[in-house]
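To start, the structure itself, in structure tokens.
We name chains A, B, ... by the order of the sequence lines, and we start the count at 1 in each one.
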Amino acid sequence: MASESARMSSAAEARFRVQAPNALPRVLKVIALDAAGQAIIERLGGAGWQHATFFTATAPDRLRDLTGRSRSVRDEVDAADLVVLVAGPGGHAHAAAAIGEACSRRRVMTTGFVIGAMSAPERDVSRTLAQLRPWSLMVVIAGNDDYIDDMMTALRA
Amino acid sequence: MLRKEQNDLLAETGPGTPMGRMFRSYWIPALLSDELPDNDCPPVRVKLLSERLIAFRDTNGRYGLVDEFCAHRGVSLWFGRNEECGLRCSYHGWKYDITGQCIDVPSEPEASRFATKIKLRSYPLIERGGILWTYMGPSEARPPLPEWEFVTVPSSQSFASKRFQESNWLQALEGGIDSSHVSWLHRGDLDSDPLFKGARGNQYNLSDARPVFEVVESAGGLYIGARRNAEGGNYYWRITQWVMPSFTMIAPRGSHSVHGHFWIPIDDENCWTWSYDYHPLRDLTQAEVAAMRDGKGIHVRYVPGTFRPFANKDNDYLIDRAGQKAGRTFSGVEGIAMQDASLQESMGPIVDRTKENLVSTDNGIIMARHRLLRAVKALTDHGAVPPGVDPVHQKVRSAALVLPPDVPFTEGGREALIARPAVAPASV
């Protein structure tokens with residue numbers, strides 16, 4: 001008789017996997033830290049995400065949503081399961097520290113997303129990384145900006 | 001999470017499939033050279049990318065990889081006689097050369113040209129670095145020969161093995177770029193495995209089970225950096241290379257050899273896990289090679305006479321619950337290779353990615369899928385040569401480095417991430 005592992009890893013047994021949902025929706029807050037990031041969130045904002053909302057950092061403790069309304073960093077972080085910080089090279093991601101600190105206090109996961117890095121001088125990338133790294137538990141440097149769409153889909157946003 | 005059609009697209013590599021076309025853009029490892037040790041030695045069955053083939057080495061030492069079945073009545077040429085520069089079918093004596101060309105049909109008149117009209121599908125098979133490589137794509141697009149550093153160093157500096165894995169290639173590859181599992185699944189092996197222990201970098205690993213990850217696109221694939229705190233405010237980086245479609249090189253440890261994998265589809269539900277170790281500057285020691293043959297490091301012990309791991313699904317991977325409870329291993333399975341394979345096989349032949357719940361630290365996996373999908377689309381839509389075909393993309397190294405906190409690892413490790421002859425690997 002085949003071992004339990006042999007039987008249970010067969011294609012035939014895959015039919016009996018429980019079909020019930022195995023997770024609740026997660027809430028993503030995508031925050032642009034600079035002009036490059038803002039262009040990305042404006043594009044993303046029109047794509048009909050179910051569990052993601054988009055903001056631009058306007059002051060250390062303030063965000064602006066896509067309708068132009070002002071929001072507090074603390075309130076948005078409180079409601080988040082994951083905060084994605086989006087910035088381009090050049091070191092204009094000053095708001096990363098305040099938002100990151102709020103995430104750290106609330107134990108909210110953070111991902112730093114550097115866009116346009118492949119065509120930028122390394123010194124500029126380095127500046128942005130220095131701002132994002134202390135506050136990002138994951139950093140992504142992608143060649144194409146459409147990667148963020150795939151990432152959000154993969155995370156069920 | 002992937003949609004079902006995306007999952008199918010990436011998982012299926014048979015003839016005529018988009019991902020199959022992409023794999024057919026590369027030289028891929030087919031056999032160990034030792035499997036065809038002598039001229040006129042017995043032929044070997046090979047199944048790759050869902051095609052059943054037969055490999056043989058003819059009287060003049062030339063390698064052939066052809067359709068497994070005789071064009072006459074469909075008999076397997078595994079029963080054939082390998083003699084006088086060809087493989088002769090045991091049924092009626094039809095004979096084929098290494099190109100698959102039929103060169104003799106004994107039942108036809110002596111001067112008949114019938115044999116010239118019979119040709120089996122064949123693929124080139126070349127030896128490089130102790131491995132026989134094949135290219136299964138169109139001849140007009142045949143790429144330059146493989147230039148991975150481990151196949152270009154003297155044979156005394158390199159060791160390669162392969163093992164049969166009972167899962168789709170992609171879930172095996174994804175295990176190879178999923179750096180966040182190392183601190184858990186393999187935590188017991190850093191201090192005990194002879195091919196890992198003793199490196200200073202191991203202490204950084206063991207003292208920080210929650211590294212921070214950075215994923216950066218490279219020309220051929222991805223750099224996956226795992227960052228831990230080091231002395232003086234610096235960062236200890238372990239940088240893994242992934243080169244498309246399925247090559248990885250794991251960051252080295254101390255003065256140990258450097259290692260990594262290829263995952264090559266056999267069919268959609270099985271793959272070969274190729275594992276290599278090499279050192280760019282020195283011979284591997286007898287002790288190192290003995291340990292590799294004994295299944296240490298990323299290698300395995302086999303069921304005798306096969307490439308099937310000795311611990312496999314039929315014996316529940318020899319799981320040791322007492323060892324798990326006592327903390328000798330995290331999962332109860334011995335050895336890094338089978339710790340990985342046991343879990344990847346448990347997902348089923350092709351994991352249903354519509355059900356998974358990825359998290360932010362899975363960005364290496366998400367990005368790899370993104371790049372594969374993009375490359376497949378570019379190949380299908382425009383015939384674009386995929387990343388990883390260019391030998392420049394293959395001349396890479398992994399690295400373990402300590403860097404200041406504001407330095408991108410691609411900048412601080414710029415030279416370390418390129419294979420340079422006679423230069424030591426960057427390792428801690």
Answer key: most heavy-atom pairs under 4.5 Å with chain A among B/P349, B/G364, B/G348 is B/P349
Could you name the residues of residues 120-149 of chain A that have a heavy atom within less than 4.5 Å of a heavy atom in chain B? A/E122, A/S126, A/L129, A/A130, A/R133, A/S136, A/L137, A/M138, A/V139, A/V140, A/I141, A/A142, A/G143, A/N144, A/D146, A/Y147
If you count heavy atoms of other groups shown closer than 6.0 angstrom to CD of B/E411, is the number above 12? yes
Taking the side chain as every heavy atom from C-beta outward, state whether B/I366 and A/L155 have any atom pair closer than 4.5 Å. yes
Contact leader toward chain A among B/E345, B/E166, B/K355, where contacts are heavy-atom pairs under 4.5 Å: B/K355
Please report the C-alpha distance between B/S183 and B/R228 in whole Å, then the side-chain angles of each, then the deciding distance to 0.1 Å, and finally whether the side chain to side chain donor-acceptor pair (under 3.5 Å) criterion is met. CA-CA 12 Å; B/S183 297; B/R228 292 175 171 84; 2.9 Å; yes
Chain A heavy atoms under 4.5 Å from B/Y235: which part of the residue, side chain, backbone, both or neither? side chain
Shortest non-hydrogen contact between B/Q339 and B/S342, atoms and distance: O-OG, 3.1 Å
Under 4.5 Å heavy-atom distance to chain A, tell me which part of B/L2 shows up: side chain, backbone, both or neither. neither
Checking heavy atoms, do the side chain of B/D352, its backbone, both or neither come under 4.5 Å from chain A? neither
Looking at B/R210, B/M347, B/R369, B/R3, which makes the most heavy-atom pairs under 4.5 Å with chain A? B/M347
Please report the closest heavy-atom contact between A/R7 and A/E13, naming both atoms and the distance. O-CG, 3.0 Å
Side chain / backbone / both / neither for A/M8 at chain B, heavy atoms under 4.5 Å: neither
Of all heavy-atom pairs linking A/R62 and A/V73, the shortest is N-CG2, 3.7 Å
For B/A368 and B/L222, which heavy atoms make the closest approach, and how far apart are they? N-CD1, 3.8 Å
Can you tell me which portion of A/A11 sits under 4.5 Å from chain B's heavy atoms? Options are side chain, backbone, both or neither. both
Please test A/D61 against A/R74 for salt bridge (charged side-chain N to carboxylate O under 4.0 Å, His left out), starting from the C-alpha separation and ending with a verdict. CA-CA 7 Å; A/D61 61 343; A/R74 198 180 66 181; over 6 Å; no
Option that, when pairs with chain A are counted at under 4.5 Å, heavy atom only, ranks first among B/N363, B/D406, B/V407: B/N363
Side chain, backbone, both or neither of A/V18 within contact of chain B (heavy atoms, under 4.5 Å): backbone
Is B/F310 atom CZ crowded by more than 12 heavy atoms from other residues, nucleotides or ligands, each under 6.0 Å away? no
Only pairs of heavy atoms separated by less than 4.5 Å count here; which of A/V114, A/L82, A/D150 has the most with chain B? A/D150
Using a cut-off of 6.0 Å, state whether more than 12 heavy atoms not belonging to A/E4 lie near its atom CD. no
Which portion of B/S346 sits near chain A, non-hydrogen atoms under 4.5 angstrom: backbone
Let me know if B/P405 has heavy atoms under 4.5 Å from chain A in its side chain, its backbone, both or neither. backbone
Closest non-hydrogen atoms of B/P387 and B/M244, given as atom of the first, atom of the second and distance, are O-CB, 3.3 Å
Give, as side chain, backbone, both or neither, the part of B/S180 having an atom under 4.5 angstrom from any heavy atom of chain A. neither
B/E334 CD: over 12 foreign heavy atoms closer than 6.0 Å: no
Return the option, out of B/R353, B/R374, B/R371, B/E269, with the maximum number of heavy-atom pairs under 4.5 Å with chain A. B/R374
Classify the angle between the aromatic ring planes of B/F409 and B/W237 as parallel (below 30°), tilted (30 to 60°) or perpendicular (above 60°). tilted
